[in-house]
Amino acid sequence: MSAPSPDPVFAAFCAAGLWPGLGKRTAAELPAAGITSPDDVTAARLLKLPRVGKQRAERLFSSFLSAAPTYDVVALLVGAGLEARLAASAADSLGADAARRLRDDPWALLGLTGVTLADADRLAIAVLPGADRQDSRRGRAIVALTLRTATRDGHTVLPADLVVAALRAEGVADPVAAIVAAVESGEVLDHEPPEPEFAEDDAADADELPEPDPALRTLSLARYGMAEEALAENVARLAATSERIADPAAVRSVAKGLDEAQKAAVAQVLGAGVSLLTGGPGTGKSRTVAAIVQLLRTKGTEVALAAPTGRAAKRLEELTDHPAVTVHRLLGAQGTSGGFARNEEWPLDADVVVVDEASMLDVELAAALLEACPDGTHLLLVGDPAQLPSIGPGHVLGDLIDSKAVPVTELTTLYRQAEGGAIARLANAVRAGELPPVDSPDREVVVVPATGSAEAARRVVQLVTDSIPRALRIDPATVQVVTPVHRGPAGTIELNKALKAQLNPGEGTVWGFDVGDRVVATANHLDLEPIGFANGEVGVVTGTGDGALTVDFSSGPVTVTGTALSDLRHGWAITVHRAQGSEWPGVVVVLPPEAGGMLSRPLVYTALTRAQRHLSIVHASGAALARAVREVDVRPRRTRLARLLAENAD
DNA sequence: AAAATCAC
């Protein structure tokens, strides 16, 4: 009697962890129970497995049946020599008939993250007899892939010429046909070049109107192209339907302590459907918002406050003494797949909506927000366009400003730091694109040059544990280290190790933490008792219990248990991205050489402006720093919103 | 190279 030869598809399916409820260990024991092919899977045989009782056997049997779509995809992938674990995301995004759809169009695999064109080509060769590189499905997929890749750098559109070049590079002989196919599929939009500006001087002696420049033709993924169009239309709609909320004289009732520009911002909200309030840290944006909320409340106007992040929402709530939520919560977000309960059919019921940290709004979230605002709503976006752009694609706040389609109040007077101080002077220069030599005899700003990231890391530890407390008398507990990266000797991981060894050595008794450790949250847990914590909040461990930590965040103490524990990291050193929105008395900014490529003016500006009283810059990134500050952005985002807004405004 | 949000 010969043992049945194991089915390779079945083996790959089980080994990749695609059978729900089946652990790695039990998967390895299947052959011993005589289960080596799908036909072997019965409740009776599953019962022969160790640690499997009747109930579990039945559950495993039914979960195997329900995983049939994934199994079919595994069969396709294994046949093409591809990784089986891709099957789960394929079944998720392509649905129950994923296998059939991949057989019809193997290049649909490119819609999944982590799939290369070479992978999809391999699948095509295995699935389609006589597949070739000129297949129109392939061209169409490359168009979408090129646009999706650009999305990761924040672009919502790409010049058609660049897409043509990408198609050529992949051996597509007829790029125009590929673009037409992509547009016909509905996944991609084609945007004609704008009409040239009509210039009076030229018109006099020109026989013909100037032609649009074909080089300005762009393509977008439909979801982003449509989001920008909807956003522009809804800005125009709110601008056109708003009515004045209160007499400008009402501003006087809350004007005490506000400067002229801040008062103008209050008046602007009362009058305009959509308005912006911008300015750097410490210029009183939040103070102004608090005055607006106070004024509207006394008038009985319904105000909704929101922010793109949990931490910003929490801070907004504290500063205004009025409930604030994340924009996702405000809109009733329905999960990862997108979709919001609040929309055109069921709009928000606030008269005034205020969104803080609006530079973090990406184009889809902003479009959803505007869509949910009924006619007559006043929307105020508050933010600093000089700080880091949104994670998602788009350049919403900057485009709104550039378009000149909505009123903007820019606050420039600095109240928090000493206005003439070295931190403020440096920050203002960087905001304007200059990097002057630091002149700070009082050592408010100190630049520490370093060669290489290992030396940079040593300097950081020395500054925090020795120089800053000794020479400047600043308590290390109030000093925050900020770095662009996680990895490398001057990344958060290594710096935290080194800083813990110096500042609070210990074994890490609960989840790697000891009493006295500084921690940073990496996710929102706003419902923990009593107030929860928000992503990016920094706190100190004050107690360890049985699988629990007590953490003192600036907003108060929180008992952290269960899954929330895995959303804490050591927090002496954090990334610039995570530091956005927080400030500390002393800040050490590290610029290691390996971060040179990711340095940009917004990143540098965001890092520097975290400091209130002292700023040390450990500079090891050479000329990359000056170059980053000089250029507006190393890679500016290509978007269409500013032009759409300007067109709608005329 | 880094990154926020949401829900069951």
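We name chains A, B, ... by the order of the sequence lines, and we start the count at 1 in each one.
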Distance check, rounded to the nearest 0.5 Å: A/K285 atom NZ versus A/T278 atom OG1? 8.0 Å

Would you mind reporting whether [Y] and [X] have side-chain heavy atoms less than 4.5 Å apart?
{"X": "A/F340", "Y": "A/L365", "value": "yes"}
{"X": "A/L319", "Y": "A/V289", "value": "no"}
{"X": "A/S582", "Y": "A/R315", "value": "no"}

Going 5' to 3' through nucleotides 2-8 of chain B, assign each nucleotide B (protein heavy atom under 4.0 Å from a base atom), S (under 4.0 Å only from sugar-phosphate atoms) or - (no protein heavy atom that close). SBBBBB-

Do other residues, nucleotides or ligands put more than 12 heavy atoms under 6.0 Å from the CZ atom of A/R85? no

